[in-house]
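Everything below concerns the one structure shown next.
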Amino acid sequence: MTTNEPIKSKDFIRAIIAEDIKNNKHGGRVTTRFPPEPNGFLHIGHAKSICLNFGVAAENNGVCHMRFDDTNPSKEEEAYVESIKKDVQWLGFDWGDKLFFASDYFDKLYKYAVALIKMGKAYVCDLPPEEMRQYRGTLTEAGKDSPFRNRSVEENLDLFTRMRDGEFEDGSRVLRAKIDMTSGNINMRDPVIYRILRAHHHRTGDKWCIYPMYDYTHCLSDAIEGITHSLCTLEFEDHRPLYDWVLDTLQTPCHPQQIEFARLNLTYTVMSKRKLLQLVNEGHVSGWDDPRMLTISGIRRRGYTPASLRSFCDIIGLAKRESRVDMGVLENAIRNDLNDTAPRRMAVLRPIKLILTNYPEEQEEMLAIANHPKNSDMGTRQIPFCREIYIEADDFLEEAPKKFFRLSPGREVRLRAAYLITCDRVIKDEQTGKIIELHCTYDPESRGGSAPDGRKVKGTLHWVSARHAIQAEVRLYDRLFNVENPDGDKNTDFKSHLNPNSLEILTDCFLEPQLAKATANDHLQFERLGYFCRDDKESTENTPVFNRTVTLRDSWEKVTKKK
RNA sequence: UGGGGCGUCGUCAAGCGGUAAGACACAGGCCUUUGACGCCUGCAUUCGUAGGUUCGAAUCCUACCGCCCCAGCCA
């Protein structure tokens with residue numbers, strides 16, 4: 001295979017992995033994992049991690065495990081597990097038979113904890129939470145040893161067994177790693193590795209009343225699965241010494257390398273699960289899959305394609321510096337994808353009726369139009385035409401500036417794939433002055449859209465036959481927040497930046513008949529308007545609902561805004 | 001005043017001692033039966049700042065400055 005593509009430079013993680021392979025680390029094998037906690041829906045930030053982990057594995061003939069980090073049954077649910085699996089698959093990734101749960105390892109984890117106790121490297125601590133915090137010290141002051149730190153191995157073993165057997169109340173005791181209370185890294189100040197928690201676990205039921213903590217579980221799960229590279233976000237950088245301490249102390253046969261990268265931030269949105277949940281719970285959006293939400297399920301319903309998301313993750317790169325990617329980059333990714341793949345259709349969102357006064361009342365005809373301007377493989381279709389049509393309200397201006405080359409009294413424009421028409425008369429409501437309909441004449445010689453005399457017409461309008469159109473509801477979405485960084489100021493509630501106009505519902509839209517057959521899987525361009533997709537959740541038998549995925553670029557709008 | 005990171009165009013991001021890739025955005029122009037798409041052109045004499053090493057520094061050294069993360073029995 002030869003290629004003239006510019007060489008895409010490797011990000012720092014791929015560079016590290018390439019080096020490891022070269023040095024035959026882990027025998028040249030690459031195994032990664034995507035480790036979500038099943039306590040919420042996946043968002044586009046997770047997509048970055050998914051593309052990284054599955055991508056890096058695939059590029060190196062490795063595998064990526066799907067592993068649920070389910071160590072906190074008080075927050076986790078089976079329903080989230082299902083939605084997460086669906087989202088990852090939808091994005092186009094396959095974990096084969098490598099589906100795991102941290103809870104699969106509870107027995108092993110317990111045995112490792114016993115081993116730690118026997119080594120004198122872990123102890124049961126009876127300090128109540130408040131006191132434990134005081135003993136931990138502060139960011140600038142060292143902590144103090146717990147009075148329970150020097151319990152004998154026998155006593156620790158006995159106590160830990162009884163913790164497991166349910167002899168003690170929730171929160172009354174914990175198992176702690178014995179490391180260093182004076183460490184500058186607070187994670188190393190004898191971190192808790194097991195807590196007592198009587199909660200029903202979605203997989204292990206009521207088998208356990210003690211659950212291992214993240215820091216202890218994650219590294220061991222990685223080691224058990226033979227993960228080679230454990231990729232996570234920046235905030236875990238401080239945890240790496242603990243990750244390594246657990247594996248070194250236990251001398252696990254496999255010691256994965258944790259590497260941290262910066263999480264994704266986008267302008268005009270929030271990314272934390274907590275804040276997304278708040279938007280849902282407080283009714284600012286219709287749910288986790290509201291098309292304005294940057295959850296995977298919301299994006300999907302909005303009409304984004306898996307390919308566009310993968311491409312987006314590729315474009316934004318990977319580094320350690322914190323950044324905020326312009327929402328325009330995401331929009332560019334979906335436009336690029338859909339420009340190539342979306343069949344074109346015609347739809348009028350804000351209709352004005354237009355009568356062709358010289359077109360015979362009874363006459364109807366079918367006109368051929370290409371489904372794609374550049375790709376003839378996508379074929380053509382027939383669209384009906386008659387005396388009464390709808391055009392876009394924006395496409396008519398009674399007093400138009402010179403640069404406006406759409407319809408205006410006395411001006412001639414082209415109806416896409418149909419005829420050249422000239423506007424003769426504007427009919428208005430006598431009371432309100434509102435335009436009711438436009439009377440135009442068509443040039444019968446211009447069938448298809450060009451005149452035999454070769455005269456040039458600058459403007460081309462989309463239209464729909466009034467007699468044949470199907471009526472629909474169309475939902476237009478705008479950014480959810482009206483500032484670039486809604487949660488940037490700790491003193492301001494991010495919800496005060498919500499964009500009140502993020503959703504506009506248009507109920508009197510007219511679509512070409514072809515669109516009656518569209519499904520949620522069809523990504524369509526409504527010519528001159530944008531890319532749209534049917535919303536199966538909102539559509540009814542009689543009224544289809546379409547979501548606008550993204551607008552087309554609009555340089556006319558730019559011109560208008562300048563003035 | 002502790003520990004861990006990060007600072008290259010408006011926004012992302014390459015670069016790893018040999019004289020600043022690419023993408024988005026932006027500005028012009030061409031093309032056009034989508035004011036779309038496509039195409040062309042322009043857009044960091046400069047890499048947080050200040051010194052130093054070197055024939056040569058975004059890259060090495062030193063010192064500053066700025067930003068982010070850490071004191072859950074959350075992940």
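Just so it is clear: chains get the letters A, B, ... in the order the sequence lines come, proteins before strands, and each one is counted from 1.
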Residue among A:Trp463, A:Tyr531, A:Phe532 satisfying ring-ring contact (aromatic ring centres under 6.0 Å, His included) with A:Phe526: A:Phe532
Short side-chain N/O contact from A:Arg416 to OP1 or OP2 of B:U32, under 4.0 Å: no
Nucleotide of B:A75, B:C6, B:U34 approaching A:Asp69 most closely (side-chain heavy atoms): B:A75
Given RNA chain B, 5'-ward residue of the pair A:Glu37 and A:Gly328, judged by closest heavy atom: A:Gly328
Selection: residues 369-379 of chain A, any non-hydrogen atom under 4.0 Å of RNA chain B: A:Pro373, A:Lys374
Shortest side-chain distance from A:Pro129, nucleotide among B:C12, B:C73, B:A75: B:C73
Residue A:Glu237, side-chain heavy atoms: nucleotide from B:A25, B:G4, B:G3 that is nearest: B:G4
Closest to side chain of A:Arg133, choosing from B:C74, B:A71, B:G35: B:A71
Nucleotide of B:A36, B:A25, B:C70 approaching A:Leu552 most closely (side-chain heavy atoms): B:A36
Contact under 4.0 Å: A:Ser555 side-chain N or O vs B:A36 OP1/OP2: yes
Touch class at under 4.0 angstrom, heavy-atom based, for A:Arg335 against every strand present: nothing
A:Tyr214 over B:A75, stacked by centroid distance under 5.5 Å, angle under 30°: no
Partner of A:Pro191 by side-chain contact (heavy atoms from CB on, under 4.5 Å), out of A:Val246, A:Val174, A:Ile179: A:Ile179
Euclidean distance, A:Gln258 CD relative to A:Ile227 CD1, rounded to 0.5 Å: 13.0 Å
C1' gap between B:C40 and B:U8, integer Å: 28 Å
Counterpart base for B:U59, defined by Watson-Crick or G-U wobble contacts under 3.5 Å: none
Phosphate OP1/OP2 of B:C26 contacted by A:Lys558 side-chain N/O (<4.0 Å): yes
Minimum-distance nucleotide to A:Met213 side chain [options: B:C73, B:G35, B:C70]: B:C73
Phosphate OP1/OP2 of B:A13 contacted by A:Ser323 side-chain N/O (<4.0 Å): yes
Side chain of A:Thr460 - closest among B:C37, B:U34, B:A14: B:U34
Inter-residue atom distance A:Leu234.CG - A:Arg321.CZ, 0.5 Å rounding: 11.5 Å
Nearest-nucleotide comparison on RNA chain B, the residue closer to the 5′ end among A:Leu127 and A:Glu527: A:Glu527
For atom CG of A:Leu234 and atom P of B:G5, their distance in whole Å: 10 Å
side-chain N/O A:Thr71 vs B:A75 OP1/OP2, d < 4.0 Å: yes
Any side-chain heavy-atom pair of A:Pro36 and A:Tyr80 under 4.5 Å: no
Closest listed nucleotide, where the reference is the side chain of A:Lys75 and the choices are B:G35, B:C74, B:A71: B:C74
Out of B:A75, B:C73, B:A13, whichever nucleotide has its closest atom nearest the side chain of A:Val192: B:C73
Anything under 3.5 Å between a protein N or O and an N or O of nucleotides 8-10 of chain B, put it in a table, one pair a line.
{"residue": "B:U8", "atom": "O4", "partner": "A:Arg321", "partner atom": "NH2", "Å": "3.2"}

Presence of A:Arg553 side-chain N/O under 4.0 Å of B:G35 phosphate oxygens OP1/OP2: no
Distance in angstrom units between A:Leu197 CG and B:G72 P, rounded: 18 Å
Assigned partner base of B:G66, Watson-Crick or wobble definition, under 3.5 Å: B:C6
Side-chain H-bond candidate by donor/acceptor type, A:Asp340 with A:Asn336, under 3.5 Å: no
Syn/anti state of B:G7 by chi, 90° boundary around 0: anti
Of the listed nucleotides B:C68, B:C70, B:C73, the one nearest the side chain of A:Arg136: B:C73
Nucleotide forming a Watson-Crick or wobble pair with B:A23, both distances under 3.5 Å: B:U11
